[in-house]
Amino acid sequence: MSFFADRPRASQLRQWHLETRAAIDDRELKVLDLIAHHLPVPDAVLGMTKEEVTVYFEDTRRELDAAASLLALAEAEAVLRVDYLSRVQRKAKDPVGRAYRELYKDRAASVRLDEDLLATWVAHHAECKSAVSEFRAALNLRHWLAHGRYWTPKLGRAYAPKDVFEIAERLFAKLPGVTGWS
């Protein structure tokens with residue numbers, strides 16, 4: 001089985017987020033400068049007050065942060081699923097590899113991220129339990145974002161993209177043999 005290799009890695013996603021956020025910040029400063037000098041502004045902010053422009057860019061940054069967090073969590077899931085299929089394919093002899101082959105007999109590629117893959121790691125590597133628990137909590141953010149944000153989430157904490165990247169990094173640091181995150 002081959003895996004789609006042309007997906008962004010965590011480092012690329014992190015860089016994209018930082019550069020895009022800097023571009024938004026720069027754009028806001030330029031628009032506010034145009035307003036201050038009574039010069040024409042872009043159509044998107046035409047007729048807005050300085051305060052409304054500030055809110056507009058805050059909303060834009062919030063959406064960028066949500067997108068970056070969702071992409072980071074999706075990439076983390078891809079890394080875990082590729083590791084699963086890779087261990088099955090190469091018939092890995094470690095306890096996780098054996099457990100994954102049993103899962104594959106029942107579910108093939110339809111394994112569940114939390115209940116199957118993450119649970120297998122916790123069952124065979126107790127030292128990763130807290131990192132898995134922290135990652136599972138962040139998955140609630142992914143569910144909320146991916147399903148349209150039509151309810152009030154119970155996340156337990158706020159998640160900035162930096163937090164999501166760090167949570168995933170801690171997870172992968174605890175999972176022996178899992179590669180592809182950085």
Side-chain angles (χ1 to χ4, degrees), residues 1-25 27-28 44 52 54-88 96 99-100 103-104 106-123 128-175 178-182:
M1 176 180 299
S2 65
F3 304 110
F4 185 63
D6 194 27
R7 61 178 209 271
R9 296 293 188 246
S11 59
Q12 293 167 309
L13 291 171
R14 182 179 288 129
Q15 191 62 32
W16 164 79
H17 175 255
L18 293 173
E19 288 178 9
T20 306
R21 190 156 177 126
I24 292 168
D25 294 345
R27 176 86 166 166
E28 180 181 16
E52 290 169 331
T54 300
V55 169
Y56 170 82
F57 283 102
E58 286 171 1
D59 291 345
T60 302
R61 281 187 285 275
R62 191 172 24 263
E63 286 304 309
L64 173 67
D65 289 352
S69 296
L70 179 61
L71 290 170
L73 289 164
E75 174 58 15
E77 178 175 1
V79 168
L80 290 165
R81 289 184 180 281
V82 166
D83 176 71
Y84 160 72
L85 293 170
S86 176
R87 286 174 193 263
V88 168
V96 171
Y100 277 1
L103 273 172
Y104 192 83
D106 292 338
R107 297 184 178 275
S110 299
V111 292
R112 297 167 298 182
L113 174 63
D114 190 359
E115 300 88 345
D116 295 328
L117 301 182
L118 294 175
T120 298
W121 278 106
V122 170
C128 73
K129 187 175 182 178
S130 69
V132 168
S133 177
E134 190 177 29
F135 183 75
R136 282 176 165 155
L139 286 177
N140 290 325
L141 173 64
R142 186 200 64 176
H143 299 322
W144 179 65
L145 292 169
H147 295 284
R149 301 183 266 188
Y150 66 90
W151 70 90
T152 302
K154 293 179 181 157
L155 301 176
R157 63 171 276 197
Y159 290 97
K162 180 180 185 271
D163 301 325
V164 174
F165 282 109
E166 289 172 357
I167 288 167
E169 284 171 13
R170 283 191 291 275
L171 173 69
F172 292 120
K174 293 287 187 180
L175 305 182
V178 178
T179 60
W181 170 251
S182 54

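- For Thr20, the side-chain hydrogen bond (donor to acceptor under 3.5 Å, both in side chains) criterion is met by Trp16, not counting sequence neighbours.
- Salt-bridge annotation for Lys174 and Glu134: absent, with no side-chain N of the basic residue lying under 4.0 Å from a carboxylate O of the acidic one.
- Not counting sequence neighbours, Glu115 has no partner by the side-chain hydrogen bond (donor to acceptor under 3.5 Å, both in side chains) test.
- One distance of note links CG of Leu103 with OG1 of Thr120; it measures 4.5 Å at 0.5 Å rounding.
- Shown here are the salt bridge (Lys or Arg N to Asp or Glu O under 4.0 Å) partners of Glu52, two or more places apart in sequence or in another chain: there are none.
- Of the inter-residue distances, the one linking Ile24 atom CD1 with Glu19 atom CD reads 12.5 Å to the nearest 0.5 angstrom.
- Within the 4.5 Å cutoff, the side chain of Phe135 has no heavy atoms near those of the Phe172 side chain.
- In this view, Glu58 satisfies the salt bridge (Lys or Arg N to Asp or Glu O under 4.0 Å) rule with no residue, not counting sequence neighbours.
- Contacts of Ser11 classified as side-chain contact (heavy atoms from CB on, under 4.5 Å), with partners at least two apart in sequence or in another chain: Arg9.
- Legend: residues meeting salt bridge (Lys or Arg N to Asp or Glu O under 4.0 Å) with Asp116, ordered by chain and number and at least two apart, are Arg107, Arg112.
- Shown here are the side-chain hydrogen bond (donor to acceptor under 3.5 Å, both in side chains) partners of Arg27, two or more places apart in sequence or in another chain: there are none.
- Judged as a salt bridge (Lys or Arg N to Asp or Glu O under 4.0 Å), and not counting sequence neighbours, Lys129 has no contacts.
- Annotation: the span from Thr60 atom OG1 to Glu28 atom CD amounts to 9.0 Å, rounded to 0.5 Å.
- For Phe57, the ring pair (Phe, Tyr, Trp, His ring centres under 6.0 Å) test picks out no residue, with sequence neighbours left out.
- Applying the ring pair (Phe, Tyr, Trp, His ring centres under 6.0 Å) rule to Tyr84 yields the partners Tyr100; only residues at least two apart in sequence or on another chain are considered.
- Considering all non-hydrogen atoms of both residues, Trp181 and Ala10 come closest at O-CB, 2.9 Å.
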Please evaluate residues Leu175 and Val96 with respect to the criterion side-chain contact (heavy atoms from CB on, under 4.5 Å), reporting the C-alpha separation (whole Å), side-chain torsions for both, the decisive distance (0.1 Å), and the verdict. CA-CA 10 Å; Leu175 305 182; Val96 171; over 6 Å; no
Let me check something: any side-chain donor-acceptor pairs from residues 62-80 under 3.5 Å, sequence neighbours excluded? List them with distances.
{"residue": "Arg62", "atom": "NH2", "partner": "Asp59", "partner atom": "OD1", "Å": "2.3"}
{"residue": "Glu63", "atom": "OE1", "partner": "Arg149", "partner atom": "NH1", "Å": "3.4"}
{"residue": "Glu63", "atom": "OE1", "partner": "Arg149", "partner atom": "NH2", "Å": "2.9"}
{"residue": "Glu63", "atom": "OE2", "partner": "Arg149", "partner atom": "NH1", "Å": "3.1"}
{"residue": "Asp65", "atom": "OD1", "partner": "His17", "partner atom": "NE2", "Å": "2.6"}
{"residue": "Asp65", "atom": "OD1", "partner": "Arg21", "partner atom": "NH1", "Å": "2.8"}
{"residue": "Asp65", "atom": "OD2", "partner": "Arg21", "partner atom": "NH1", "Å": "2.7"}
{"residue": "Ser69", "atom": "OG", "partner": "Asp65", "partner atom": "O", "Å": "3.0"}
{"residue": "Glu75", "atom": "OE1", "partner": "Arg7", "partner atom": "NE", "Å": "2.8"}
{"residue": "Glu75", "atom": "OE2", "partner": "Arg7", "partner atom": "NE", "Å": "3.3"}
{"residue": "Glu75", "atom": "OE2", "partner": "Arg7", "partner atom": "NH2", "Å": "3.2"}
{"residue": "Glu77", "atom": "OE1", "partner": "Arg142", "partner atom": "NH1", "Å": "2.3"}
{"residue": "Glu77", "atom": "OE2", "partner": "Arg81", "partner atom": "NE", "Å": "2.7"}
{"residue": "Glu77", "atom": "OE2", "partner": "Arg81", "partner atom": "NH2", "Å": "3.1"}

Hey, mind stepping through Ile167 and Tyr159 against side-chain contact (heavy atoms from CB on, under 4.5 Å) and telling me if it holds? CA-CA 10 Å; Ile167 288 167; Tyr159 290 97; 3.6 Å; yes
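- Side-chain contact check for Asp83 versus Trp121: some heavy-atom pair is nearer than 4.5 Å.
- The main-chain N or O of Trp151 is found under 3.5 Å from a side-chain atom of Trp144 such that the two form a donor-acceptor pair.
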